[in-house]
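Residue numbers begin at 1 in each chain, while the letters A, B, ... track the order of the sequences.
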Number of protein chains: 4
Amino acid sequence: MVIGDARTRILDAAEELFAGGGYDATPTAVIARLAMVPKGLIFHYFPRKIDVLVALVDERTLVEEGRDIDAVPGDPAGTLSRLARGLPLRASPAMRRILFREADTHGSVKERLGRLNGELIRRARFALELALPGARGDLARLEVAAATFAAVLLYQENLCQLTGHQIDPDAVAELIAHSLL
Amino acid sequence: MVIGDARTRILDAAEELFAGGGYDATPTAVIARLAMVPKGLIFHYFPRKIDVLVALVDERTLVEEGRDIDAVPGDPAGTLSRLARGLPLRASPAMRRILFREADTHGSVKERLGRLNGELIRRARFALELALPGARGDLARLEVAAATFAAVLLYQENLCQLTGHQIDPDAVAELIAHSLL
Amino acid sequence: MVIGDARTRILDAAEELFAGGGYDATPTAVIARLAMVPKGLIFHYFPRKIDVLVALVDERTLVEEGRDIDAVPGDPAGTLSRLARGLPLRASPAMRRILFREADTHGSVKERLGRLNGELIRRARFALELALPGARGDLARLEVAAATFAAVLLYQENLCQLTGHQIDPDAVAELIAHSLL
Amino acid sequence: MVIGDARTRILDAAEELFAGGGYDATPTAVIARLAMVPKGLIFHYFPRKIDVLVALVDERTLVEEGRDIDAVPGDPAGTLSRLARGLPLRASPAMRRILFREADTHGSVKERLGRLNGELIRRARFALELALPGARGDLARLEVAAATFAAVLLYQENLCQLTGHQIDPDAVAELIAHSLL
DNA sequence: CATGAATGAGCGTTCATTCAT
DNA sequence: GATGAATGAACGCTCATTCAT
């Protein structure tokens, strides 16, 4: 039995295929076959192929902004570690690959990636502020620490898998926290 | 006036175009036009289109492995900063864009990027070892610091431009050095 | 506020669109949108797209056959001029464009245009007969004059607008009348 | 044996097919088949389908401007008749149908048709001037006569065939000439 | 009767690759 | 080696038409 309505199945299939072979390398005919819909139906819901990608990015990469940060004053390393485990990106690993891979080709994807990056930095900084009540004296260093942690998280999501090198976010959190004490 | 022989002009044109619009979006006919060579000549030098990309990566992204590191004992921050200024990737900005953009689609590009990443980590670790003679007691932390710094450098090369957020490698070097003292 | 019932609105929309971009270039979906009816309803009233055009031609291009001709004996030029002002084609400018544009592609349209042409010639001849009681001696020349005048009228309807050249039907009437005296 | 080079065969096939079924109703695949070339070759010579039509119009509808008019002073009817037989349009009947049919859809075709129309009127007027040396007193009437004759010629080319009514250009020439005496 | 999702054949166009010259 | 015409598979997209509800 087929699961979900046609539009959802199209997006499911596209998500899987875009993450696998990439947007350009995925013909609409293959999306249709995997989604078990006729090819024309894709263009009923998404007038152009790129609109499938845009819809995926719009609907499946929500960056949550209001979520609480589980900060523990005096424990910046643990606070960052917990932040890393609750990445504010509601997206499957497939969607994350899509976000990075298509970012510099497609404007709407790039915009989403920029917002994600900014939110990550913002949250890392806020987490550190909460965990280091006395560190307010050096905001510049806090900013650098936050950006560095965000870099590691995004790097981990993508380049690590790409190149085979692993980074342990917990160890990085500990390193960064140490430098702020 | 036309510069260089035909093969070189083909690679020059491809480098510019691949960096601009991406590999997939660049037809061989456009490479030929920009290189001012007949279309058939490209396939004389490079039997398949992908071979143009492979040749670019092979010939224009040398990862230098043996270069001296300008380490100053007692100044890990300065040592890392200098390392950041001499990324061990001899490549134009165009080639760097290509390396990142095509990495997860084309194996040979991915392999190069992996080697670059590994070399960066190796050199960062070695630089820190030289600059922190007494820190040998905590090799694990050194490794994390090196990987973090490499992540920031590559992140900077790639995502920063993409998302508009800037990171100052010098400040990160100072942060990381501080955590190792 | 929507005017008319669904079938009328469909024909109104089709008339406007066929006259504007042509029959082939007008998708049924666009007709439906302009008519503010669901797409399927068009095919309820008109089983095939061509039936919309046929209905337009059948219902909106009445060629009046029995209308009185305002003939003044002894004034053939004035009689023809008055005929020109009352072309026996009750149709909007839009329908006239459709008649000419689609005539050689669609049989039913061609048939209408043929009837219009025949009626024009018939009426011009009859008008001249009434206005020139003594000219009965040269029926062949009368026939040529009538056909020529009809040609000018249709040419004016069609090619003049297309090519930018204007012809004054009154002057042509005067010319033709003069040749019959 | 195949006649002509590939580009010529493509144009030959397109001329025949556009004249027969119309531009829109002729798929490029059918042109290719009739021309006995692979479909892709059409787009090698003509980047877009419309360029095939434009090339036909540009290359096969030469309106000759400098040709001598075989005018006989005192014989305006004969002069017009001879003009009608040597229409200043070097184009096959197929090309003429194309010119009219596609004129209001495609700008470049419309421009050609306008030029043809203007040239026809100009030549008819000039022929009448030569054949009626004494008629210079009424230039306005001459202009109307020329435009009327051009209308008949073009009408004849197109509407007559369309509607089944025939007009004899010789008889019209005689009619018009008579009105100028 | 009314609806719009569903259908699929067919279109114009692209482009890596081949090959005769 | 150098050339560009030739090739054809594959793509994104359109659209008249159907049909279950």
Side-chain angles (χ1 to χ4, degrees), chain A residues 2 5-7 9-10 23-33 35-53, chain B residues 5-7 10 23-33 35-53, chain C residues 5-7 10 23-33 35-53, chain D residues 2 5-7 9-10 23-33 35-53:
Chain A
V2 175
D5 63 5
R7 188 175 184 281
R9 292 206 311 277
I10 291 168
Y23 173 83
D24 286 326
T26 303
T28 52
V30 173
I31 300 174
R33 196 181 315 137
M36 283 180 292
V37 301
K39 194 170 53 162
L41 193 57
I42 293 179
F43 294 92
H44 177 70
Y45 290 111
F46 309 100
R48 291 162 306 143
K49 183 189 176 188
I50 189 65
D51 293 326
V52 178
L53 178 59
Chain B
D5 63 3
R7 189 175 183 282
I10 292 169
Y23 173 84
D24 285 327
T26 303
T28 53
V30 173
I31 300 175
R33 197 182 314 137
M36 285 179 291
V37 300
K39 195 164 51 163
L41 194 57
I42 292 179
F43 292 89
H44 174 69
Y45 289 116
F46 310 98
R48 290 162 305 133
K49 182 189 177 187
I50 189 66
D51 295 325
V52 178
L53 179 59
Chain C
D5 62 6
R7 188 176 183 282
I10 291 169
Y23 172 84
D24 285 327
T26 303
T28 53
V30 173
I31 300 174
R33 199 181 314 139
M36 285 179 291
V37 299
K39 197 165 48 164
L41 194 54
I42 292 180
F43 291 89
H44 174 69
Y45 289 115
F46 310 99
R48 290 161 305 133
K49 183 189 176 187
I50 189 66
D51 295 326
V52 178
L53 178 60
Chain D
V2 176
D5 62 7
R7 188 174 184 283
R9 292 207 311 279
I10 291 169
Y23 172 84
D24 286 327
T26 303
T28 53
V30 174
I31 301 174
R33 196 183 313 137
M36 284 179 293
V37 300
K39 194 170 54 161
L41 193 57
I42 293 179
F43 293 91
H44 177 70
Y45 289 111
F46 310 100
R48 291 162 305 140
K49 182 190 178 189
I50 188 67
D51 293 326
V52 178
L53 178 59

Notebook entry, point to check: When the distance from CD1 of D:I42 to C1' of F:dG8 is rounded to whole Å, what number comes out?
Noted result: 13 Å
Note to self: Please report the distance, rounded to the nearest Å, between CG in A:D24 and C1' in F:dG12.
What the structure shows: 12 Å
Next item on the list: Respond yes when some side-chain nitrogen or oxygen of D:H44 is under 4.0 Å from OP1 or OP2 of F:dA6, and no when none is.
Entry: no
Note to self: For F:dA2 and B:Y45 - does any side-chain N or O of the residue sit under 4.0 Å from the phosphate oxygens OP1/OP2?
What the structure shows: yes
Check: What distance separates C:L41 CG from C:T28 OG1, expressed to the nearest 0.5 Å?
Finding: 12.0 Å
Note to self: To the closest 0.5 Å, what do you measure between CD1 (A:I42) and CZ (A:R9)?
What the structure shows: 11.0 Å
Notebook entry, point to check: Closest approach of A:A25 and A:P27, non-hydrogen atoms and distance?
Noted result: O-CD, 3.3 Å
Sort me out a list of protein N/O and nucleotides 17-21 of chain F N/O pairs below 3.5 Å, or just none if empty.
from   : atom 1 : to    : atom 2 : distance (Å)
F:dT17 : OP2    : C:K49 : N      : 2.8

Item checked: Along DNA chain E (nearest heavy atom to each residue), the more 5'-positioned of B:A29 and A:P38 -> A:P38
Let me have the donor-acceptor pairs involving side chains of residues 46-53 of chain C, under 3.5 Å, with sequence neighbours excluded, atom names and distances please.
from  : atom 1 : to    : atom 2 : distance (Å)
C:R48 : NH2    : C:D51 : OD1    : 3.1
C:K49 : NZ     : C:Y23 : O      : 3.0
C:K49 : NZ     : C:T26 : O      : 2.8
C:D51 : OD2    : C:R48 : N      : 3.0

Check: Atom CZ of A:R7 and atom C1' of E:dA6: how far apart are they, to the nearest Å?
Finding: 16 Å
Next item on the list: Hunt down any stem DNA chain F takes part in, defined as 3 or more consecutive Watson-Crick or G-U pairs whose two distances are each under 3.5 Å.
Entry: E:2-21 with F:2-21
Item checked: 5' priority, DNA chain F, between A:L41 and A:A25 [closest heavy atom] -> A:A25
Note to self: Rounding to an integer number of Å, can you tell me how far D:R33 CZ sits from F:dG8 P?
What the structure shows: 14 Å
Check: What are the two closest non-hydrogen atoms of C:A32 and C:K39, and how far apart are they?
Finding: CB-CA, 3.8 Å
Notebook entry, point to check: Just checking D:A6: base, sugar-phosphate only, or nothing, at a heavy-atom cut-off of under 4.0 Å?
Noted result: sugar-phosphate
Check: Between atom CG in C:L53 and atom C1' in F:dA16, what is the gap in whole Å?
Finding: 15 Å
Next item on the list: Measure from CE on C:M36 to C1' on E:dT3 and round the result to the nearest Å.
Entry: 17 Å
